[in-house]
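Before any comments, here is the structure.
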Amino acid sequence: MVTGITASIKWPNDILINNKKFCGILTEIEAEPDRVHFVFLGIGLNVNNETQELLKGAISLKAAVGTEQKFSRVELLQEILRRIEDNYILFQKNGSPAILDKWKKLNITLGKMVKIFSPKDHVQGLAVDIAADGGLLVRRDS
């Protein structure tokens, strides 16, 4: 499915179109150092939603393309699964650096000031890179 739309990634798990949230991705993994037991992947997409149905700052694929025609969710799912498989094969062949490079190229968080909140603390600084484990590297003023 080709839409002509360019999407970007807001670290760690939001997919944006025109700086508006189109998709959220959540993952969970159970693994040992030498074995993965399972990976759960949850993907929420705004596909055919009307703009007034969405939260402020969100967009649907239909609205982004500017069409009245609805997108086939089945075809979209098929394309997503194809691309997941392509990236999995790339990972198997070349390891995580190839996937990390693609993630960095699409990422709009890098080079921006960020605030990261945790239950104990918060960090503010410049997002400078994504580590090999997927963590965001932030340069603080200190």
Side-chain angles (χ1 to χ4, degrees), residues 1-67 70-142:
M1 172 181 290
V2 177
T3 63
I5 295 291
T6 300
S8 56
I9 302 169
K10 179 182 168 196
W11 183 90
N13 58 353
D14 290 341
I15 307 300
L16 307 181
I17 298 174
N18 300 328
N19 289 320
K20 294 182 177 181
K21 187 172 179 177
F22 156 68
C23 172
I25 301 171
L26 297 173
T27 60
E28 184 176 328
I29 185 170
E30 184 176 302
E32 297 173 33
D34 62 339
R35 182 176 162 190
V36 173
H37 296 283
F38 63 80
V39 176
F40 288 127
L41 179 64
I43 304 173
L45 303 165
N46 298 322
V47 180
N48 292 313
N49 311 71
E50 297 298 329
T51 303
Q52 63 272 18
E53 298 172 339
L54 299 170
L55 295 174
K56 184 178 179 184
I59 195 168
S60 70
L61 184 60
K62 180 181 168 188
V65 172
T67 182
K70 290 190 174 189
F71 284 91
S72 165
R73 288 182 172 96
V74 171
E75 289 178 20
L76 184 57
L77 176 60
Q78 289 170 335
E79 183 64 23
I80 290 168
L81 292 173
R82 268 193 290 278
R83 291 184 184 219
I84 288 172
E85 183 178 33
D86 290 347
N87 281 291
Y88 182 63
I89 292 167
L90 179 65
F91 170 76
Q92 286 180 313
K93 188 175 179 181
N94 299 325
S96 60
I99 302 300
L100 192 59
D101 287 345
K102 289 176 77 171
W103 190 15
K104 288 179 185 181
K105 286 176 185 167
L106 294 170
N107 199 290
I108 62 163
T109 305
L110 298 178
K112 293 187 179 174
M113 295 299 292
V114 296
K115 291 181 185 178
I116 301 171
F117 295 91
S118 72
K120 296 180 182 180
D121 196 2
H122 76 276
V123 174
Q124 185 172 334
L126 181 67
V128 293
D129 203 357
I130 299 173
D133 67 357
L136 186 64
L137 300 178
V138 176
R139 180 180 300 125
R140 296 167 65 169
D141 290 338
S142 60

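Remember, predicted model here, so these are calculated numbers, not experimental data. When reading the values below, keep in mind they use all heavy atoms of this one structure, side chains included, and skip hydrogens, waters and symmetry mates.
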TODO: Check step by step if side chain to side chain contact (heavy atoms under 4.5 Å, CB included) holds for K112 and L126.
DONE: CA-CA 6 Å; K112 293 187 179 174; L126 181 67; 5.6 Å; no
Open item on the list: Do V128 and V138 have side chains that approach each other closer than 4.5 Å (heavy atoms only, starting at C-beta)?
Closed with: no
- [ ] Run the numbers on V36 and E30 for side chain to side chain contact (heavy atoms under 4.5 Å, CB included), then give the verdict.
- [x] CA-CA 6 Å; V36 173; E30 184 176 302; over 6 Å; no
TODO: Would you mind reporting whether L110 and L136 have side-chain heavy atoms less than 4.5 Å apart?
DONE: yes
Task: Value rounded to 0.5 Å, distance of NZ in K104 from CD1 in I9 - done: 12.5 Å
Task: Closest approach of T27 to L41 (non-hydrogen atoms, all atoms of both residues) - done: CG2-CD1, 3.4 Å
Open item on the list: What I'd like to find out is whether the side chain of I108 reaches to under 4.5 Å of the side chain of S8, using heavy atoms alone.
Closed with: yes
Open item on the list: Taking the basic N atoms (NZ, or NE/NH1/NH2) and the acidic carboxylate oxygens, is any pair closer than 4.0 Å for E79 and R82?
Closed with: yes
Task: Candidates L81, I80, V74 - the one meeting side-chain contact (heavy atoms from CB on, under 4.5 Å) with Q78 - done: V74
- [ ] Return yes if some donor-acceptor pair links the side-chain N/O of D133 with the main-chain N/O of G135 below 3.5 Å, else return no.
- [x] yes
Task: 4.5 Å side-chain heavy-atom contact, L61 and F71 - done: yes
- [ ] Taking the side chain as every heavy atom from C-beta outward, state whether L54 and K20 have any pair of such atoms under 4.5 Å apart.
- [x] no
Task: Heavy-atom closest contact (A7 atom, I17 atom, distance) - done: CB-CG1, 4.3 Å
Open item on the list: Just verifying a value: how many Å separate K21 NZ and L16 CG, rounded to the nearest 0.5 Å?
Closed with: 8.5 Å
Open item on the list: With a sphere of 6.0 Å drawn around CG of D34, does it hold more than 12 non-hydrogen atoms of other residues, nucleotides or ligands?
Closed with: yes
Task: Considering all heavy atoms, the nearest Q124-R140 contact - done: O-CG, 3.5 Å
Open item on the list: Quick check against the 3.5 Å criterion: does S60 have a side-chain atom that pairs as donor or acceptor with the backbone of N48?
Closed with: no
Open item on the list: Between N19 and K10, is there a side-chain heavy-atom distance shorter than 4.5 Å?
Closed with: no
Open item on the list: Applying side chain to side chain contact (heavy atoms under 4.5 Å, CB included) to N13 and L26, what does each step give before you reach the verdict?
Closed with: CA-CA 7 Å; N13 58 353; L26 297 173; 3.4 Å; yes
Task: Side-chain heavy-atom pair V65, I5 within 4.5 angstrom cut-off - done: yes
Task: Euclidean distance, K105 NZ relative to L100 CG, rounded to 0.5 Å - done: 11.0 Å
TODO: Step by step, work out the side chain to side chain contact (heavy atoms under 4.5 Å, CB included) result for D14 and C23.
DONE: CA-CA 6 Å; D14 290 341; C23 172; over 6 Å; no
Task: Within-4.5 Å side-chain heavy-atom neighbours: L45 and F22 - done: yes
Task: Between CH2 on residue W103 and OG on residue S96, distance to nearest 0.5 Å - done: 11.0 Å
Task: Between CG on residue D101 and CG on residue L90, distance to nearest 0.5 Å - done: 9.5 Å
- [ ] Spell out, as yes or no, whether a donor-acceptor pair under 3.5 Å connects the side chain of E53 to the backbone of E50.
- [x] yes
Open item on the list: Quick check for you: to the nearest 0.5 Å, what is the distance between W11 atom CH2 and I116 atom CD1?
Closed with: 5.0 Å
Task: Backbone of E85 reached by a side-chain donor or acceptor of N87 within 3.5 Å - done: no
Task: Heavy atoms from other residues, nucleotides or ligands near CG of L55 exceed 12 (cutoff 6.0 Å) - done: no
